[in-house]
Amino acid sequence: MPELPEVETTLRGISAHILNTTITRVNIRNPKLRWPVPASLPDYLLQSQFSTIQRRAKYLLLSCESGTLIIHLGMSGSLRIVSVNESYDKHEHFELCFANGKALRLKDPRRFGAVLWTTEPVTQYPLLQHLGPEPLSSDFNPDYLFKHSRARKVSIKQFIMDSKVVVGIGNIYANEALFASGINPKRAAGRISKARYEKLCAASKTILRQAIKQGGTSLKDFTGGDGKPGYFKQELLVYGRKNQPCTQCGHNLKEIRLNNRSTVYCTQCQK
DNA sequence: CAGCGCCCCTGCCCGC
DNA sequence: TGCGGGCAGGGGCGCT
């Protein structure tokens with residue numbers, strides 16, 4: 001669920017509720033996430049307030065005076081705002097309660113997500129310091145892609161899903177962006193022309209912007225509990241459409257595994 | 001360093 | 001209807 005647009009929407013959705021209100025409780029209901037949730041979190045967080053909440057890649061960064069809480073949603077994580085006395089869902093593993101009567105809850109059935117703490121500037125935190133540019137920033141541009149791909153033999157799909165190259169392009173968007181730009185996902189990144197990188201770059205930005213625009217709807221579905229943003233599926237032209245006709249040429253779409261991830265494309269339209 | 005496979009974990013869907 | 005196998009939107013890590 002948490003594609004970059006949903007992380008962005010989550011950020012926008014939670015901020016107003018939990019900024020500048022005192023943290024009154026820290027409940028680590030199950031510390032076993034991707035990495036153990038630090039048991040010392042209450043020492044840092046209790047009685048302090050978040051002054052800023054930002055996103056870098058798919059990491060949410062909640063900063064207070066003493067440091068920054070880092071939250072990643074992994075494959076199945078979601079955050080929601082509830083009243084402090086609301087009963088828990090089965091997989092709500094982490095909770096912060098606030099003086100304004102609200103609570104922030106992390107629900108994550110697969111527990112691939114993470115809740116971490118750093119006192120360093122976030123740009124120096126190990127998990128964040130080698131990340132590539134944000135896909136919607138001007139640093140992500142055709143020249144950058146062309147230059148950094150020259151010696152690379154990996155497939156273009158793996159290349160754009162590599163967070164050292166660019167962050168936030170997950171499996172769905174990689175499939176969609178490659179279809180939109182007519183590039184075969186298997187093609188070596190180093191053997192793609194500047195002109196084609198121009199198309200790919202523009203398509204990636206357009207698709208991500210479009211999805212962010214619809215993120216509100218997605219979040220509503222999401223907090224509603226079923227976790228399947230139905231509106232979103234309608235926009236997908238290749239992902240999840242194996243053996244269905246290409247919207248461009250009618251030829252049936254093909255599915256392969258690339259880097260052990262589902263990869264769907266049109267053998268006629270993507271060369 | 002580049003590239004690749006593995007793995008963390010639960011839920012769900014499919015075929016038998 | 002029960003059960004086993006495979007697969008899922010992420011991404012760090014360890015090995016070659």
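The chains referred to below are lettered A, B, ... by the order of the sequence lines, with proteins before strands, and numbering in each begins at 1.
- Side-chain contact annotation: A:Asn27 with A:Arg25, donor-acceptor N/O pair under 3.5 Å present.
- Closest of all the heavy-atom pairs between A:Leu116 and A:Leu127 is CD1-CD1, 3.6 Å.
- The interatomic distance linking A:Met75 (CE) with B:dC7 (P) rounds to 15 Å, in whole Å.
- By the 4.0 Å N-to-carboxylate-O rule, A:Arg241 lies too far from A:Glu255 to be salt-bridged with it.
- Here A:Arg111 reaches the OP1 or OP2 of B:dT10: one of its side-chain N or O atoms lies under 4.0 Å away.
- Residue A:His72 has its side chain nearest to C:dG10 when only C:dG10, C:dG12, B:dG11 are considered.
- Between A:Ile207 atom CD1 and C:dG9 atom P there is a gap of 16 Å when expressed in whole angstrom units.
- Across every non-hydrogen atom of A:Ile156 and A:Pro185, the tightest pair is CG2-O, 3.4 Å.
- Between A:Tyr59 and A:His72, the angle of the ring planes goes over 60°, which puts this pair in the perpendicular group of the 30/60° scheme.
- Protein atom NZ of A:Lys242 is 9 Å distant from nucleotide atom P of C:dC7, rounded to whole Å.
- With hydrogens and angles left out, the side chain of A:Arg110 and the base of B:dC9 share a donor-acceptor pair within 3.5 Å.
- Between A:Lys58 and A:Leu4, the shortest heavy-atom distance links the atoms CE-N, 3.8 Å.
- One finds no side-chain N or O of A:Lys164 lying less than 4.0 angstrom from the OP1 or OP2 phosphate oxygen of B:dA2.
- Here A:Tyr59 lies in heavy-atom contact (under 4.0 Å) with sugar-phosphate atoms only.
- Between the CG atom of A:Leu4 and the C1' atom of C:dG11 there is a distance of 15 Å, given to the nearest Å.
- What you find for A:Leu145 and A:Phe159 is that their closest heavy atoms are CD2-CE2, 3.8 Å.
- Aromatic ring pairs are classed by plane angle as parallel below 30°, tilted from 30° to 60° and perpendicular above 60°; the pair A:His91 and A:His93 is perpendicular.
- With respect to A:Glu92 and A:Lys107, no salt bridge is recorded, no charged nitrogen being found less than 4.0 Å from a carboxylate O.
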side-chain contact (heavy atoms from CB on, under 4.5 Å), that's the test. Do A:Leu253 and A:Asn243 meet it? Break it down for me. CA-CA 5 Å; A:Leu253 298 174; A:Asn243 296 334; over 6 Å; no
For DNA chain C, what string of dots and brackets results from 5' to 3' when Watson-Crick and G-U pairs need both distances under 3.5 Å, crossing pairs get [ ], and pairs with another strand get |? .|||||||.|||||||
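- Listed pair A:Tyr173 / C:dG9 fails the phosphate criterion, with no side-chain N or O lying under 4.0 Å from OP1 or OP2.
- Of the candidates A:Ile169, A:Val166, A:Leu178, A:Leu136, A:Ile169 is the only one forming a side-chain contact (heavy atoms from CB on, under 4.5 Å) with A:Ser204.
- Heavy-atom distances under 4.0 Å link DNA chain C to A:Arg34, A:Trp35 of residues 28-40 of chain A, given in residue order.
- A gap of 14 Å separates the P atoms of B:dC6 and C:dG6, to the nearest Å.
- C:dC7 and B:dG5 are spaced 15 Å apart, taking the P atom of each and rounding to whole Å.
- Residues from residues 252-263 of chain A lying near DNA chain C, meaning a heavy-atom separation below 4.0 Å, are A:Arg257, A:Arg261, A:Ser262 in numerical order.
- When the P atom of C:dA8 is taken as reference, atom CG of A:Asn171 falls 8 Å away, rounded to whole Å.
- The phosphate of B:dG11 (OP1 or OP2) has a side-chain N or O of A:His91 nearer than 4.0 angstrom.
- Nearer to the 5' terminus of DNA chain B, by closest-nucleotide assignment, is the contact made by A:Lys153 (compared with the other of A:Phe112 and A:Lys153).
- The interatomic distance linking A:Leu73 (CG) with C:dG9 (P) rounds to 16 Å, in whole Å.
- Electrostatic pairing of A:Lys194 and A:Glu198 does not count as a salt bridge here, judged by no charged N lying under 4.0 Å from a carboxylate O.
- Residue A:Gln158 places none of its side-chain N or O atoms closer than 4.0 Å to OP1 or OP2 of B:dG3.
- Remark on DNA chain B: of its neighbouring residues A:Ala151 and A:Lys90, the 5'-side contact belongs to A:Ala151, judged by nearest-heavy-atom nucleotide.
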